[in-house]
Amino acid sequence: MRPDGPRDEYAGPDSGPEPPFPIKLQGPVIKGFGRGSKELGIPTANIPPSGLDAYPDLKTGIYFGYTSLNHHSSSSSTTTTNPSDIQIYPSVLSIGYNPFYANSTRSIEIHVLHKFPTDFYGSSLNLLMLGFIRPEYDYVSKESLIEDIMVDCAVAERSLGREGWRIESGGNGEWEGWLRDFGWARGLTERDVERVEEKVLKVGDEKL
Ligand SMILES: Cc1cc2nc3c(=O)[nH]c(=O)nc-3n(C[C@H](O)[C@H](O)[C@H](O)COP(=O)(O)O)c2cc1C
Ligand SMILES: Nc1ncnc2c1ncn2[C@@H]1O[C@H](COP(=O)(O)OP(=O)(O)O)[C@@H](O)[C@H]1O
Ligand SMILES: [Mg+2]
């Protein structure tokens, strides 16, 4: 259960991210349980948890960083957008089992700090994780979970506004270069994304 008491205003050291950050994850936006927007009013773009295989020691919890998205219009395959047209957004995310909902599988759920006019399932997503905010907790009510997520959003915005955390200053352009590169998604089709969704669901069934 969430401990009582006030929350820190910032996460991570003032000087900038420290190892093991930045941690880089990428994948297509896949379907989750549909609770983010419907139950909490906080949509989360879920990506396949398989990217975590490269970080076996990463603990579950709430993290923050930057997200970039490559929306695409073609129905058969993703088109690669000009890197300078790709938008980069501050983000907050949860990695784990959502103790409030007692999920049986680990998920990566990213709330992008930007208002989008539509859903973007199937879009390609790059996630640059820069810091850890807190562990995942169970809550006495849905309202208290929502309240804590709102604090996470404020902590992320504030923390990323510091000099060593701004996208322009990061890694001498390396962060931004990586975020704008969607080469990994070239040729990925809708069918490929469906296969990934099926696999994520199947692994869940096996664990039940
Ligand atoms: C910033 C952030 C913090 C979260 N913290 C918690 C948490 O402490 N405990 C928890 O059970 N779920 C937490 N969640 C996960 C929400 O419960 C989750 O996004 C919701 O169940 C939607 O899941 P869905 O994408 O499968 O619909 C958090 C989500 C976000 C974006
Ligand atoms: N600001 C945002 N951050 C993340 N996802 C968003 C945002 N605005 C719209 N979305 C869309 O909302 C979708 C659904 O979120 P959610 O309710 O969590 O359902 P699901 O359980 O399928 O992930 C995301 O996959 C994404 O396409
Ligand atoms: Mg979601």
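Everything quoted here is computed from the prediction, not taken from an experiment. Start at 1 and go down the list; that is how both ligands and their atoms are numbered.
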Any donor-acceptor pair under 3.5 Å from R106 side chain to Y97 backbone: no
From atom 9 (N) of ligand 1, work out which of F33, Y97, Y137 has a heavy atom at the shortest distance. Y137
Considering the heavy atoms of Y101, write down every atom of ligand 1 situated less than 4.0 Å from one of them. 17 (O), 21 (O)
If you scan protein heavy atoms around atom 7 (C) of ligand 2, the nearest is P43 CG, 3.5 Å
Under 3.5 Å between some N or O of ligand 2 and some N or O of I42? no
Using modelled atom types only, decide if a donor and an acceptor are shared between the side chain of H111 and the backbone of S91 within a distance under 3.5 Å. no
Should Y121 and E197 be marked as a side-chain hydrogen bond (donor to acceptor under 3.5 Å, both in side chains) after you check the CA-CA gap, both sets of side-chain angles, and the distance that decides it? CA-CA 11 Å; Y121 287 111; E197 276 175 336; over 6 Å; no
Report yes if the distance between the aromatic ring centroids of W165 and F64 is under 6.0 Å, otherwise no. yes
Considering only heavy atoms, does L145 approach ligand 1 within less than 4.0 Å through its side chain, its backbone, both, or neither? side chain
Ligand 2 and N46, any nitrogen or oxygen pair closer than 3.5 angstrom? yes
Atoms of ligand 1 under 4.0 Å from any heavy atom of R35, numbered from 1 in the order shown, are 21 (O), 27 (O)
Is it the side chain (CB and beyond), the backbone, both or neither of L113 that lies under 4.0 Å from ligand 2, heavy atoms counted? neither
Would you check the N or O atoms of F33, main chain and side chain alike, for any that come under 3.5 Å of an N or O of ligand 2? yes
Under 3.5 Å: N/O of Y121 near N/O of ligand 2: yes
Of the side chain and backbone of H114, name the one, both, or neither that has a heavy atom under 4.0 Å from an atom of ligand 2. backbone
Is the closest N or O pair between S37 and ligand 2 shorter than 3.5 Å? yes
In sequence, state the C-alpha distance, the side-chain angles, and the governing distance for N46 and T44, and then conclude on side-chain hydrogen bond (donor to acceptor under 3.5 Å, both in side chains). CA-CA 6 Å; N46 298 28; T44 56; 3.3 Å; yes
Under 3.5 Å: donor-acceptor pair, side chain of E157, backbone of P90: no
Students should be able to answer this: which protein heavy-atom is nearest to atom 24 (C) of ligand 2, and at what distance? T44 O, 3.7 Å
Sub-4.0 Å atoms of ligand 2 with respect to non-hydrogen atoms of K31: 22 (O)
Taken by chain and residue number, the protein N/O/S atoms under 2.8 Å from the Mg ion (ligand 3) read T44 O, T44 OG1, N46 OD1
Would you say G34 has any N or O atom under 3.5 Å from an N or O of ligand 2, going by distance alone? yes
Can you tell me if E39 contacts ligand 1 (heavy atom of the residue under 4.0 Å from the ligand)? no
Side chain, backbone, both or neither: which applies to V29 and ligand 2 if a contact is any heavy-atom pair less than 4.0 Å apart? side chain
